[in-house]
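All remarks here apply to the structure that follows.
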Amino acid sequence: MTLHEDHAVSIGSTDGAGPMVPVIHRVVAATADLDDTTTLTVRPVDNALPRPQPGQFNMLWLPGIGEVPISLAGLDGDDLVHTIRNVGAVTDALCSLQVGDFLGVRGPFGAGWNLARARGRDVLVVAGGLGIVPLGPLVDELISDRANFGQVSVVIGNRSPDTLLYPERVKSWAESLEVEVTVDVASPDWTGHVGVVTELLTAVNTDPANQIAFVCGPEVMMRFAAEAVIDRGTPAENVLVSLERNMHCAIGHCGRCQLGPMFICKDGPVLPWSRVDPVLKARSR
Ligand SMILES: Cc1cc2nc3c(=O)[nH]c(=O)nc-3n(C[C@H](O)[C@H](O)[C@H](O)COP(=O)(O)OP(=O)(O)OC[C@H]3O[C@@H](n4cnc5c(N)ncnc54)[C@H](O)[C@@H]3O)c2cc1C
Ligand code: FES
């Protein structure tokens with residue numbers, strides 16, 4: 001089934017439609033970042049959804065194919081920016097969308113990064129691979145509100161130099177923040193760090209005792225990064241991670257995303273390591 005503009009009327013709009021009703025958006029830009037990763041900019045056909053916060057996510061829907069949670073990658077006025085990696089049926093179809101195509105969007109959902117908590121402190125941002133997507137709008141906000149934070153350091157770990165997302169954006173971050181990038185496997189022209197992201201955490205200039213750390217990446221990377229940051233003196237409640245779980249309703253009703261006592265769609269996806277660590281440890285016993 002193809003989605004048309006008319007569905008905006010028959011499926012719903014933001015006016016009292018409720019959080020389970022997708023709002024029709026049109027693709028206004030589609031950029032292939034990497035072979036398997038595409039950034040879509042989507043514009044509401046009718047009323048805009050509430051403005052998402054960094055760290056929150058939307059459910060992107062293609063009728064007859066499915067619906068998946070995708071983080072906010074950026075905002076451009078009322079346009080939503082989402083970066084999507086093609087890993088299966090729904091993300092494949094989303095990555096194939098062209099300018100002018102339609103999709104359903106509902107959201108925003110979940111708890112974001114809550115940057116207000118970091119005001120007046122140092123900030124450490126640790127991104128692994130696709131983890132740079134939900135952290136991107138957070139770094140943009142840190143830069144636009146720079147005077148309200150102490151030392152800000154961004155550490156990015158990636159498989160290889162040619163698979164780094166947003167290279168130009170990362171370069172611009174480095175003009176006002178300490179930015180370190182490391183790769184697992186270097187190319188011949190790579191002059192930067194080689195190794196895992198945790199190796200860079202001892203080199204950054206933030207004060208561990210007075211920092212909030214925002215960490216996103218594969219779960220195993222978040223564990224190593226969180227433990228390294230805590231070992232340096234940051235309390236576990238000041239280390240925030242973003243968890244991924246399969247989702248269905250995104251509003252805390254269906255239980256699909258349950259992790260211990262938490263619903264990741266509602267209590268998360270951003271959670272303090274002090275809440276996440278005991279639950280992950282109990283699950284792996
Ligand atoms: C809060 C949240 C934010 C996300 N943000 C982004 C984003 O910004 N960009 C992006 O590309 N992806 C993001 N994801 C992951 C994305 O939702 C999954 O890749 C997508 O649901 C896969 O659907 P599919 O039908 O294409 O593939 P499927 O065939 O359903 O799955 C393909 C593979 O991915 C695994 N998988 C499926 N869903 C998830 C999931 N939710 N978490 C972890 N692994 C999963 C499956 O186990 C399988 O191995 C996010 C997930 C969550 C929960
Ligand atoms: S996705 Fe339904 S409870 Fe979280």
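In this chain, residues are counted from 1 in sequence order. Counting starts at 1 for both ligands and their atoms, following the listed order. As the structure is a computational prediction, the values presented were derived from the model and not from experiment.
- The heavy atom nearest to atom 23 (O) of ligand 1, considering only Val270, Thr83, Val68, is found in Val68.
- At the top of the distance list for atom 53 (C) of ligand 1, counting protein heavy atoms only, stands Arg245 O, 3.2 Å.
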Checklist entry - What do the steps show when you test Arg117 against Leu240 for side chain to side chain contact (heavy atoms under 4.5 Å, CB included), and what is the final call? => result CA-CA 11 Å; Arg117 222 185 120 189; Leu240 303 178; 3.7 Å; yes

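- Annotation for ligand 1: atoms under 4.0 Å from non-hydrogen atoms of Met247 are 53 (C).
- Hydrophobic cluster of Val28: no remaining members, since no ILVMFWY side chain lies below 4.5 Å from it.
- Nearest to atom 34 (O) of ligand 1 by heavy-atom distance, out of Thr91, Leu243, Val87, is Val87.
- The shortest contact between atom 51 (C) of ligand 1 and any protein heavy atom is with Glu244 CD, 3.4 Å.
- For atom 3 (C) of ligand 1, the closest non-hydrogen atom on the protein side is Ser71 OG, 3.2 Å.
- In summary, the atoms of ligand 1 found under 4.0 Å from a heavy atom of Arg85, numbered by their order in the structure, are 10 (C), 11 (O).
- Distance from atom 27 (O) of ligand 1 to its nearest protein heavy atom, with residue and atom name: Gly88 CA, 3.2 Å.
- Close approach to Phe57 involves these atoms of ligand 1, each under 4.0 Å from a residue heavy atom: 1 (C).
- Annotation: protein N, O or S atoms under 2.8 Å of atom 4 (Fe) of ligand 2 (waters excluded) comprise Cys257 SG, Cys265 SG.
- Less than 4.0 angstrom separates atom 49 (O) of ligand 1 from none of the non-hydrogen atoms of the protein.
- Remark: Asp79 engages Arg43 in a salt bridge, criterion side-chain N to carboxylate O under 4.0 Å.
- Salt bridge Asp277/Arg223: present, at least one basic N to carboxylate O contact under 4.0 Å.
- Ring-plane geometry between Phe57 and Phe109 is classed as tilted, the angle between the planes lying from 30 to 60 degrees on a 0 to 90 degree scale.
- In terms of modelled atom types and a separation under 3.5 Å, the side chain of Thr39 and the main chain of Thr31 share no donor-acceptor contact.
- Within the 4.0 angstrom cut-off, atom 46 (C) of ligand 1 has no protein heavy-atom neighbours.
- Salt-bridge formation is not detected for the pair Glu237/Arg275: no Lys NZ or Arg NE/NH1/NH2 atom is positioned less than 4.0 Å from an Asp or Glu carboxylate oxygen.
- For Gly66, the heavy-atom gap to ligand 1 stays at 4.0 angstrom or more.
- For the pair Arg245 and Glu219, the salt-bridge criterion is met [side-chain N within less than 4.0 Å of a carboxylate O].
- Closest heavy-atom contact between Pro52 and Leu72: CG-CD1, 3.7 Å.
- Under 4.0 Å is where a charged nitrogen must lie from a carboxylate oxygen, and between Asp78 and Arg51 no such pair does.
- In terms of protein heavy-atom proximity, atom 25 (O) of ligand 1 is closest to Val90 N, 3.1 Å.
- Atom 39 (C) of ligand 1 has as its closest protein heavy atom Asn246 OD1, 3.0 Å.
- Within ligand 1, the atoms closer than 4.0 Å to a non-hydrogen atom of Ile84 are 11 (O), numbered from 1 in the order shown.
- Annotation: atom 16 (C) of ligand 1 to nearest protein heavy atom, Pro69 O, 3.5 Å.
- In the displayed structure, Arg119 atom CZ is contacted under 6.0 Å by more than 12 heavy atoms of other residues, nucleotides or ligands.
- Counting heavy atoms from C-beta outward, Glu67 and Arg106 have side chains that approach closer than 4.5 Å.
- When all heavy atoms of Ile251 and Cys265 are compared, the closest pair comes out as N-SG, 3.8 Å.
- At the top of the distance list for atom 12 (N) of ligand 1, counting protein heavy atoms only, stands Ile70 CD1, 3.7 Å.
- Under the 4.0 angstrom criterion, atom 30 (O) of ligand 1 counts as lacking any protein heavy-atom contact.
- Each of the following atoms of ligand 1 lies closer than 4.0 Å to a heavy atom of Val133: 8 (O).
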